[in-house]
2 protein chains.
Amino acid sequence: MNATPSTSHDDLTGRARIRDAALGVFAEHGVKGATVQAIASAAGVSTGLIRHHFGSKEGLRAACDAHAIGALLDEARRSLEEDAAAPGFAAAMYQSSEASARYLARALVEGSRSASDLFDAGTAMAERFLSERWPDRYPPGARSTRDAAAVMGAMHLGTLVLHTHLSRGMGADSLDPEHAPRVGAAMVGIYTTMADFFADEQGQRISDALSDGDAPSSDPREHS
Amino acid sequence: MNATPSTSHDDLTGRARIRDAALGVFAEHGVKGATVQAIASAAGVSTGLIRHHFGSKEGLRAACDAHAIGALLDEARRSLEEDAAAPGFAAAMYQSSEASARYLARALVEGSRSASDLFDAGTAMAERFLSERWPDRYPPGARSTRDAAAVMGAMHLGTLVLHTHLSRGMGADSLDPEHAPRVGAAMVGIYTTMADFFADEQGQRISDALSDGDAPSSDPREHS
DNA sequence: TAGTTTGCTACACGGACGTGTAGTCTGAGG
DNA sequence: CCTCAGACTACACGTCCGTGTAGCAAACTA
């Protein structure tokens with residue numbers, strides 16, 4: 001009767017087929033853009049069966065949230081309670097399926113409780129990571145620390161949410177496990193390269209201008 | 001009769017009010033989730049007037065694309081044709097209104113021709129920026145260069161697309177011109193800090209693992 | 001002043017979609 | 001053999017929403 005327990009003990013059944021189909025259709029067209037008819041067709045069942053199993057479209061969406069994000073969220077919260085830096089969380093994110101990743105990307109934009117909680121958990125982990133390792137630059141609880149943690153979360157998840165455009169630019173599916181490491185490698189390269197840039201004279205001017213509160217004039221690509 | 005030319009010579013009129021209202025409703029609920037009735041109510045007009053001015057819902061969407069993204073796209077393309085690094089483009093992005101930024105964020109996820117073109121233009125600028133400044137690390141046309149440019153674009157635009165979550169984490173609207181510079185400042189800090197991290201012993205291991213093609217095990221927050 | 005265009009509204013049509021209902025089939029338990 | 005529960009389907013209902021039509025009032029033209 002409850003939704004979460006039967007997420008994986010019962011797979012291959014109609015219920016699981018519907019959920020997997022919904023994951024894909026929701027990810028591609030959004031919750032509003034997806035129709036139960038399209039999901040039913042993709043799963044090879046009738047619309048009535050969806051209602052039978054999930055009660056309503058919103059119930060199906062909640063089940064998708066629980067399946068695609070719930071496990072990640074649990075892992076993230078477990079990592080936050082432990083003292084050690086999260087080994088399980090990163091592993092869980094990596095082994096989450098491509099379909100779940102696409103769904104999560106949509107959920108982050110369309111607004112989902114689970115997705116928001118996951119973002120907040122990631123931000124909390126980033127804040128602890130920063131303030132434990134560089135307590136002088138990122139004092140725990142300071143505004144600059146919270147800013148940096150939130151921006152870091154947004155930047156990293158940006159590669160997930162914008163995977164369509166990212167894949168187009170890379171010439172390969174950025175969510176495919178075969179190509180995904182290229183994203184991480186590129187990020188490391190960007191970090192070191194941009195650090196050099198902002199240490200230079202011109203980059204320093206931009207950095208100073210940003211600290212003052214006005215826009216720079218020659219930074220290629222800044223957020224809106 | 002044609003749609004694009006009258007985007008700004010005629011403001012304050014009903015047409016402009018509809019367009020501005022649509023920008024907000026589309027940004028908040030998505031194109032599918034938005035109803036012409038809701039847009040009409042927000043603009044204080046009837047649904048018939050929307051049809052009179054824009055022909056259809058899709059026509060209104062195209063007008064929103066042209067208004068919110070067209071100017072940015074023109075500026076980006078102009079910057080790409082010139083040799084100098086884009087001063088006008090960054091300035092245009094900064095002075096684009098908050099409503100346009102929200103709309104662009106949605107358009108990037110829901111799929112819009114203009115938004116995709118803008119992402120590609122930004123990626124092209126980033127690629128030129130990288131390969132001109134560090135030709136040894138980022139040779140023009142190399143796969144690693146294209147990867148880095150695309151990832152850089154996705155990361156920077158991630159702070160725009162995920163502005164809802166980012167604002168929650170920062171405790172202030174990240175799109176508000178008053179608080180937006182904090183985002184840029186945080187990014188600069190993250191670049192320098194993470195460069196230090198990846199230069200360390202532990203970070204080096206992660207960096208090496210990413211270059212090999214398998215997932216690391218202790219990086220807090222990696223893309224899916 | 002008559003005619004035309006333009007901005008705008010009210011209202012109805014038709015289709016799509018979420019939801020509700022009744023019913024069939026299969027398999028397990030007594 | 002009976003029955004009862006669960007999986008599953010077919011079909012109808014009601015509503016929402018995009019679209020189409022008709023028409024009014026003001027402004028501009030001649």
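Distance check, rounded to the nearest 0.5 Å: CZ of Arg61(A) to CD of Glu110(A) gives 7.5 Å.
Rounded to whole Å, atom C1' of dA10(D) lies 15 Å from atom CD1 of Ile50(A). The nearest whole Å value for the distance from the CZ atom in Phe54(A) to the P atom in dT19(C) is 14 Å. Taking atom CD of residue Gln37(A) and atom P of nucleotide dG15(C), one finds them 17 Å apart after rounding to whole Å. As a whole-Å value, the separation of Leu60(A) CG from dC17(C) P is 16 Å. Across the protein-nucleic acid pair, Lys57(A) atom NZ and dC16(D) atom C1' stand 13 Å apart, rounded to whole Å.
Listed candidates were dG18(D), dG7(C), dT9(D). Nearest to the side chain of Ser46(A) is dT9(D). Comparing dA7(D), dG18(D), dT19(C) by their closest approach to the side chain of Leu49(A) singles out dA7(D). The nucleotide whose nearest atom lies closest to any side-chain atom of His53(B) is, among dG7(C), dG18(D), dC11(C), dG7(C).
Residue-level contact check: Ala34(B) touches the backbone only, with heavy atoms under 4.0 Å from sugar-phosphate atoms and none from bases. Heavy atoms of Ala40(B) sit nowhere under 4.0 angstrom from any nucleic acid atom.
No side-chain donor-acceptor contact under 3.5 Å links His163(B) to the backbone of Arg102(B). Panel note: side chain Arg106(A), backbone Glu28(A); a donor-acceptor pair is recorded below 3.5 Å.
The side chain of His52(A) contributes no N or O atom lying less than 4.0 Å from OP1 or OP2 of dT9(D).
Under the 4.5 Å side-chain criterion, counting only non-hydrogen atoms from C-beta, Arg15(B) is not in contact with Ile18(B).
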